[in-house]
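Computation of the quantities below employed the complete heavy-atom set of this structure, encompassing side-chain atoms and omitting hydrogens, waters and symmetry-equivalent molecules. Order of the sequence lines sets the chain letters (A, B, ...), proteins ahead of strands, with each chain counted from 1.
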Amino acid sequence: MIDINLLRENPQAIRDSQAARGADEALVDLAAKLAEQKKVALQQFEAMRAKQNAHGKLVAQAPKEEKAELVAQAQEMSSDVKKLEAEANLADQELMVVLHKIENVVLEGVPAGSEENFVVIKEVGKKPEFSFEAKDHVSLGESLDVIDIERGAKVSGSRFYFLKGLGARLELALMQLALDQASEAGFTALITPTLVKPEIMQGTGFLGEHSAEVYYLPADDLYLTGTSEVALAGYHSGEILDDLTTPMRYAGWSTCYRREAGSHGKDTRGILRVHQFNKLEMFSYCKPEDAEAEHAKLLEWQEQMLQKCELPYRVIDVAAGDLGSSAARKYDIEAWVPTQGGYRELTSTSNCTTYQARRLNTRYRDQDGKPAVAATLNGTLATTRWLVAILENHQQADGSVLIPAALRGYLGGVEKIGPKH
RNA sequence: GGAAGAUUGGCCGAGUGGUUUAAGGCGACGGUUUGCUAAACCGUUGGGUUGAUUAUAUUGACCCCGUGAGUUCGAAUCUCACAUCUUCCGCCA
């Protein structure tokens, strides 16, 4: 949710942001109007309530013989109060509906426009050159007996898979490497719930445009999370954090579930786009003025992980129209995928400024001890999808795959995955 | 799945329809005293919305006692639903 003070003081900034995203600018003026209406309604209600309260004291103190008379007067007041209260509540609800529709104000420098308007910030690493015909991760997974897609489909349907043998161990190795790196950087590890209540899912903004992406369990009124960001953002909801002089950082590990409802026919081969995968997510709570510096750090840590996995990649500054509604800026790191001849997203890091925390009511105490809304940021440190890039980039002429040195320690020193026969 | 009990401020805890404007204690913070610390004494001590004024301050109104609805002129207090926790019984890993 945007800051209602900004709506009052600088509505143009919000209009400009909506325009950069290609979102509805008219919402801004509608919200301002509704805010004014709510204020008036609330004042009327409070004035009437004050009268009622004062009268109530008279009733309490009055001698018995005068009570009947005073109570009769109070009855009239009561109905007025109820009416005005209902009006004020309605005005507030109307305002909230519109406020929630306005997306976060994008930061200066974010490229305007939609998906294709991203800006490449840098390219790092050397793309591999093969003297043989490179295999994609599906055939590598099959020949090395580390990914079993056929049986995944048999058991659970399309977009499901088994990771097997060294494939399964490689994923866990990747997660552990990421968790160790995060721990060294001061992150607190958290294994998070993957089923959450509606208000948490709502609060993190995943029930907006992307609600079709989310698995829902009607029998229990719970949602399956598509990322541990949901639980991590909800972790401190409704709290006032004592000290944010340095950011509070969590590394959340969880399985993630996505319906992929809007992507029929897209990436149907392999494990690039699946219904279930694992992810290690970084999540930071910090002061709003520290958010951009924290964002840069998250990006740096992500780059370190890609370098440890010896993957060629590029960093892109995602365009305003392609940001989630909570994000004020987002950087994606895309790894080179040889058989696709292109880059594919491996990580994403968003600076949500105070937008997400305001909706979840997460605050901190500033220098004066006064509560203020915190900023939240998130970023991927490892996912199952990384296996695609690792397998394809490190494949050898003999059909084997070299394991990046940083991961070997987690695999009992195994240096390569050889063909099964 | 069944039964009983509980939920009040940072923490403990009183409060069973009207001077509750939520007692009291602990903790924390400030002050006095003190060579320093402690003790003692005095004071302060939540969140939100919204006004006024001489506007970094002062002061007022309203809301918040797990959540939501209801009864009532008036609800922390009564009713209903839900959530969470505790204990017990049953079933199961």
Between [X] and [Y], does at least one N-O distance fall below 4.0 Å, as a salt bridge requires?
X: A:K83; Y: A:D80; result: no
X: A:R259; Y: A:E213; result: no
X: A:R344; Y: A:E334; result: no
X: A:D92; Y: A:K38; result: yes

When the distance from [atom1] of [X] to [atom2] of [N] is rounded to whole Å, what number comes out?
X: A:M48; N: B:G74; atom1: CE; atom2: P; result: 12 Å
X: A:D80; N: B:C62; atom1: CG; atom2: P; result: 17 Å
X: A:I240; N: B:C11; atom1: CD1; atom2: C1'; result: 16 Å
X: A:E239; N: B:G10; atom1: CD; atom2: P; result: 12 Å
X: A:K197; N: B:C82; atom1: NZ; atom2: P; result: 15 Å
X: A:K57; N: B:C73; atom1: NZ; atom2: P; result: 20 Å
X: A:L70; N: B:G18; atom1: CG; atom2: P; result: 17 Å
X: A:L42; N: B:C63; atom1: CG; atom2: P; result: 11 Å

Let's see if you can work this out: which of [options] has an atom nearest to the side-chain heavy atoms of [X]?
X: A:R365; options: B:G47, B:C62, B:G74; answer: B:G47
X: A:P371; options: B:C73, B:C62, B:G47; answer: B:G47
X: A:Q43; options: B:G46, B:C62, B:U50; answer: B:U50

Taking any strand in view, what nucleotide pairs with [N] in a Watson-Crick or G-U wobble way, both distances under 3.5 Å?
N: B:A93; value: none
N: B:A75; value: none
N: B:A55; value: none
N: B:U49; value: B:A61
N: B:G5; value: B:C85
N: B:U33; value: none
N: B:A28; value: B:U44
N: B:U21; value: none

What about [X] and [Y], are their ring centers closer than 6.0 Å?
X: A:F162; Y: A:F160; value: no
X: A:Y235; Y: A:Y250; value: yes
X: A:Y257; Y: A:H275; value: no

Please state the [atom1] separation for the pair [N] and [M] - nearest whole angstrom.
N: B:U8; M: B:U84; atom1: C1'; result: 16 Å
N: B:C26; M: B:U86; atom1: C1'; result: 24 Å
N: B:G66; M: B:C73; atom1: C1'; result: 28 Å
N: B:U16; M: B:G68; atom1: P; result: 24 Å
N: B:G15; M: B:A57; atom1: P; result: 39 Å
N: B:A14; M: B:A28; atom1: C1'; result: 22 Å
N: B:C41; M: B:G9; atom1: C1'; result: 26 Å
N: B:G60; M: B:A55; atom1: C1'; result: 15 Å

On the nucleotide [N], are OP1 or OP2 found under 4.0 Å from the side-chain N or O atoms that [X] carries?
X: A:R363; N: B:G48; value: yes
X: A:S78; N: B:G74; value: yes
X: A:N53; N: B:C62; value: yes
X: A:R49; N: B:A61; value: no

Residue mapping more 5' on RNA chain B - nearest nucleotide basis, A:R8 or A:A72: A:R8

What is the nucleic acid contact for A:Q52, judged by heavy atoms within less than 4.0 Å: base, sugar-phosphate only, or nothing? sugar-phosphate

